[in-house]
Number of protein chains: 2
Amino acid sequence: MIARSELKRELINAGIRPSVQRLAIYEYVKSHHTHPTADVVYDALRDELGSLSLTTVYNTLKLFVDAGLVQLLTIDDTFRCFDGDTSCHAHFRCDSCGKIVDLKIKSDFLSMVSGLEGFEIKEAQLYLKGICPICKRKN
Amino acid sequence: MIARSELKRELINAGIRPSVQRLAIYEYVKSHHTHPTADVVYDALRDELGSLSLTTVYNTLKLFVDAGLVQLLTIDDTFRCFDGDTSCHAHFRCDSCGKIVDLKIKSDFLSMVSGLEGFEIKEAQLYLKGICPICKRKN
DNA sequence: TTCATTTCTGAAACCATTGCAAATATAAAA
DNA sequence: TTTTATATTTGCAATGGTTTCAGAAATGAA
C-alpha cells in the first residue's frame, strides 16, 4: 500500500493535476493488482466518490497510460484492462476462468528476438494463454 | 505460394468443409503475410468471388483461429488482424506508420519466464511496439 | 428425388469506447 | 475577496468493429 501523498507526488511529477477522481483512480490501479477494466474501476469507486462518470474513468486511465504510469493490456481481445505495475513482467490469461496472472520474466528477454537492428523499441508485451493450475486441477 | 489442393487438404484435416469462400479466405491469409483485418480480406476477395458477405469473412476467420490454422493478433487495441503464419515468431507494430512486421524469435524463449509450473500454455504472443527503421530515418 | 444438415447472407443488435457540450471545480489575477 | 480564465468532470448520444439472427441457398446422405 502506497501513501496518498506519494501517489499525489507521482501524478504531479508526470504533469497531471491530482484531482479527487484522478487520485482515487490512480490509487485503485496501484493498489489492486487485479488488472481491472475501466468498468471495474468505475463500479469500485462510484460509491466512495459519490459521483463519478464512466467517461472520466476512461479518460483518466488513458491519461495515465499516455504518461507511462499505467500499462494497457490487450491480452483479451474483447476488452481492455489496466495494470498499475509498469515493471517488466509477462501476463497469463486463463482460457477457462479468464483470470489474468502476472509472471516474472528475465529483463533481457529481448535478446531472444533477432532482426531488431534499426528498430526503436518503446514497449514489449508477452502474453501467454492456456489453462491455469486451479482450473487444470478441476478437470 | 501453396497449391489450392494442399490448402484444401489442410482444411479437411482440421474438420472444416472447404467451401469456395473458405478456401479463398484461407488461401488469402496463407499467401499474404500482411496481417490483414477481416475488412481487408473482404475487400480483396469480394470481386474475385462475385458475392461475399463480411459476416462470412468474420465467421470463417474465427473458425480458422479456433481450429489453430490462423493466428489472431491484438497488437493494435483498436482492431483485430490475422496471420496465416502460425509458427513461433514475434510481432512489431510501428507507432508511426502502423505497419506490423514479423520478427524471428528463439523457439525456447519461454525459458525466460519463471513460475510456469502447473500452467498449460497453449498460445504465446510477443508484441513489440516503437518506431520502425524506415520511419526513424525520416525524422 | 427427398430430406436433413451445413453454410451463406444482409440486416439488425450489441457493447466497449469515444465525442460533445454543458456544468463544475480549480488556479491565477485583480 | 471577487473576478476571470483554464482545467476537469459529467451525462448522454454517437461511433464502429464485431456478433447474432432468421431465412435462403447449397451440400451431402439415403
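The basis for the numbers below is simple: all heavy atoms, side chains too, and nothing from hydrogens, waters or symmetry mates. A, B, ... follow the sequence lines: proteins, then strands. Residue 1 opens every chain.
- B/S19 comes within 4.0 angstrom of the backbone, heavy atoms only, and of no base.
- Put simply, CG on A/L49 is 17 Å from P on D/dT8, counting in whole angstrom units.
- Between A/T55 and D/dC12 there is no side-chain polar atom (N or O) within less than 4.0 angstrom of OP1 or OP2.
- Between A/T56 and the phosphate of D/dT10, there is a side-chain N or O to OP1/OP2 separation shorter than 4.0 Å.
- Rounding to whole angstrom units, CZ of residue A/F64 and P of D/dT8 are separated by 11 Å.
- A/I134 CD1: 12 or fewer foreign heavy atoms inside a 6.0 Å radius.
- Residues B/L54 and B/G15 each lie close to DNA chain C; by heavy-atom proximity, the contact nearer the 5' end of the strand is made by B/G15.
- The side chain of A/Q21 places no N or O atom within less than 4.0 Å of a non-bridging phosphate oxygen (OP1 or OP2) of C/dA25.
- Between the CG atom of A/L63 and the P atom of C/dT18 there is a distance of 13 Å, given to the nearest Å.
- Residue contacts for B/T37: at a heavy-atom cut-off of 4.0 Å it reaches no nucleic acid atom on any strand shown.
- In this structure, B/Y58 does not reach the D/dT19 phosphate: none of its side-chain N or O atoms is under 4.0 Å from OP1 or OP2.
- The side chain to side chain donor-acceptor pair (under 3.5 Å) pairs that include a residue from residues 61-76 of chain A are A/D76-A/T78, A/D76-A/R93, where partners are two or more places apart or lie in different chains.
- Of all the heavy atoms in A/L126 and B/F109, the pair that sits closest is CD1-CE1, 3.6 Å.
- The separation between B/N59 atom CG and C/dG10 atom P is 13 Å, rounded to whole Å.
- Between B/T78 and B/R17, the residue anchored nearer the 5' end of DNA chain D, judged by the nucleotide with its closest heavy atom, is B/T78.
- For the OP1/OP2 pair of C/dA16 and a distance below 4.0 Å, the side-chain nitrogens and oxygens of A/R80 include no atom meeting the criterion.
- Contact annotation for A/D39: no contact, since no heavy-atom pair falls under 4.0 Å across all strands.
- OP1 or OP2 of D/dA26 has not a single side-chain nitrogen or oxygen of B/R22 nearer than 4.0 Å.
- In this structure, the OH atom of A/Y42 is 9 Å from the P atom of D/dT10, given to the nearest Å.
- The 5' end of DNA chain C is approached more closely, in terms of each residue's nearest nucleotide, by B/V20 than by the other of A/V20 and B/V20.
- At most 12 heavy atoms of other shown residues, nucleotides or ligands fall within 6.0 angstrom of atom NZ in B/K8.
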TODO: Take B/H32 and B/V40 through the test side-chain contact (heavy atoms from CB on, under 4.5 Å) and record every step on the way to the result.
DONE: CA-CA 11 Å; B/H32 295 77; B/V40 167; over 6 Å; no
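- Here the P atom of nucleotide C/dA27 and the CD1 atom of A/I16 are 16 Å apart, to the nearest Å.
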